[in-house]
Amino acid sequence: MDDLMKPSLVAILCAAMLSTTALQAEERYVIKEDSPSVGTNFRREVANGPIPFDKSYAELTDTQRASLRQQFDDLPLDCEPPFPAHGLITIEQHIIKIQRYQALRGEVFVTAQIDENGKAQTVNIYRTPDEKFGKAIAEILVGTEFKPASCGGHPVAMKFPFAFTLDVSRR
């Protein structure tokens, strides 16, 4: 990796976070690097989005849940979408580690078919800046425990869309 290139922002945005209201767009949640870069005392932001990374679906506010629901076409009111059981943070941490070493740039869009037990059965990769990175994301999602989708109070299988942008800028 070019010494001048450092990961500066991994804008991890769950597909459910892509379309938000003006009010929701104002509230942003961030993940900062573990320690400051050489030459500064400030930890850089490595991920951001309108849904808290460390919250489970049950811990999200009604506004955050509504934002998430927007990404599921015609989701009936008595249905809840699948969501990582421990929040997006576990997925984010894996992606940040990969990005630290690969310094990729570009959009990523995948969907994971989550079964009634909260397990990702298949992952379809639609967009990725690198084939190996796409496979790594698929492995991360397959290894992630999900709260399964439910309709009428019963668990059901449903796709979980996951999209984000990788960004590396010069320092």
Side-chain angles (χ1 to χ4, degrees), residues 7-33 44-57 59-61 63-75 79-115 118-149 156-169:
S8 66
L9 175 67
V10 182
I12 311 298
L13 299 174
C14 174
M17 297 180 227
L18 293 176
S19 63
T20 60
T21 65
L23 176 62
Q24 292 166 322
E26 291 177 32
E27 189 165 23
R28 304 297 291 176
Y29 298 91
V30 300
I31 298 175
K32 292 191 175 195
E33 62 188 353
R44 287 180 299 151
E45 185 178 300
V46 292
N48 72 67
I51 293 180
F53 296 101
D54 60 344
K55 304 288 184 197
S56 67
Y57 185 83
E59 296 171 311
L60 297 178
T61 66
T63 302
Q64 293 160 348
R65 287 183 189 182
S67 176
L68 181 67
R69 290 177 61 84
Q70 290 176 4
Q71 298 309 306
F72 294 83
D73 294 333
D74 303 319
L75 187 65
C79 292
E80 292 182 353
F83 196 74
H86 305 289
L88 294 166
I89 191 70
T90 53
I91 298 170
E92 304 295 340
Q93 290 170 333
H94 288 295
I95 293 169
I96 290 166
K97 284 180 187 174
I98 294 169
Q99 179 66 353
R100 186 177 300 139
Y101 298 104
Q102 291 191 356
L104 297 169
R105 174 177 281 158
E107 293 182 5
V108 178
F109 179 65
V110 300
T111 60
Q113 180 66 35
I114 310 302
D115 70 14
K119 300 285 183 198
Q121 296 299 314
T122 58
V123 177
N124 292 314
I125 303 166
Y126 296 101
R127 213 172 313 133
T128 182
D130 178 82
E131 185 178 333
K132 287 181 183 177
F133 183 78
K135 288 179 181 177
I137 295 301
E139 288 177 18
I140 292 166
L141 292 173
V142 167
T144 298
E145 178 187 353
F146 283 83
K147 172 202 82 66
V156 296
M158 190 180 292
K159 286 186 180 177
F160 177 75
F162 191 68
F164 55 94
T165 301
L166 296 166
D167 185 13
V168 178
S169 61

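Below, each value reflects all heavy atoms present in this structure, side chains not excepted, and no hydrogens, waters or symmetry copies.
The side-chain heavy atoms of Q99 and L104, taken from C-beta on, include a pair separated by under 4.5 Å. For the pair L166/I95, a side-chain contact is recorded, criterion being any heavy-atom separation below 4.5 Å from C-beta on. Side-chain contact between I91 and F53: absent, with no pair of heavy atoms (C-beta onward) separated by less than 4.5 Å. P148 is not listed as a side-chain neighbour of V156, based on a closest heavy-atom distance of 4.5 Å or more.
Contacts of F146 classified as ring-ring contact (aromatic ring centres under 6.0 Å, His included), with partners at least two apart in sequence or in another chain: F160. Shown here are the side-chain contact (heavy atoms from CB on, under 4.5 Å) partners of T111, two or more places apart in sequence or in another chain: F109, N124, Y126, K159, P161.
The closest side-chain donor-acceptor pair between S67 and Q70, if any, does not fall under 3.5 angstrom.
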Can you give each donor-acceptor pair under 3.5 Å made by side-chain atoms of residues 134-145, sequence neighbours left out, with the distance rounded to 0.1 Å?
{"residue": "K135", "atom": "NZ", "partner": "E131", "partner atom": "OE2", "Å": "3.4"}
{"residue": "T144", "atom": "OG1", "partner": "I140", "partner atom": "O", "Å": "2.7"}
{"residue": "E145", "atom": "OE1", "partner": "H86", "partner atom": "NE2", "Å": "3.4"}

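Here the CG-CG distance, from L60 to L68, works out to 7.0 Å after rounding to the nearest 0.5 Å. To the nearest 0.5 Å, the span separating CZ on R127 from CD1 on I125 amounts to 13.0 Å.
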* Asked: Run the side chain to side chain contact (heavy atoms under 4.5 Å, CB included) check on F162 and L88 step by step: do they pass?
  -> CA-CA 10 Å; F162 191 68; L88 294 166; 4.0 Å; yes
* To do: For side chain to side chain contact (heavy atoms under 4.5 Å, CB included), just list the numbers for K55 and Q64, CA-CA rounded to whole Å, side-chain angles, deciding distance to a tenth of an Å, and then say yes or no.
  => CA-CA 10 Å; K55 304 288 184 197; Q64 293 160 348; 5.6 Å; no
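Checking side-chain atoms of R69 against main-chain N and O of P81 turns up no donor-acceptor pair under 3.5 Å. A distance-only check finds a donor-acceptor pair linking the side chain of E59 to the backbone of S56 [under 3.5 Å].
Taking both residues in full, the closest heavy atoms of Q113 and M158 are given as NE2-N, 3.5 Å, listed atom of the first, atom of the second, then distance.
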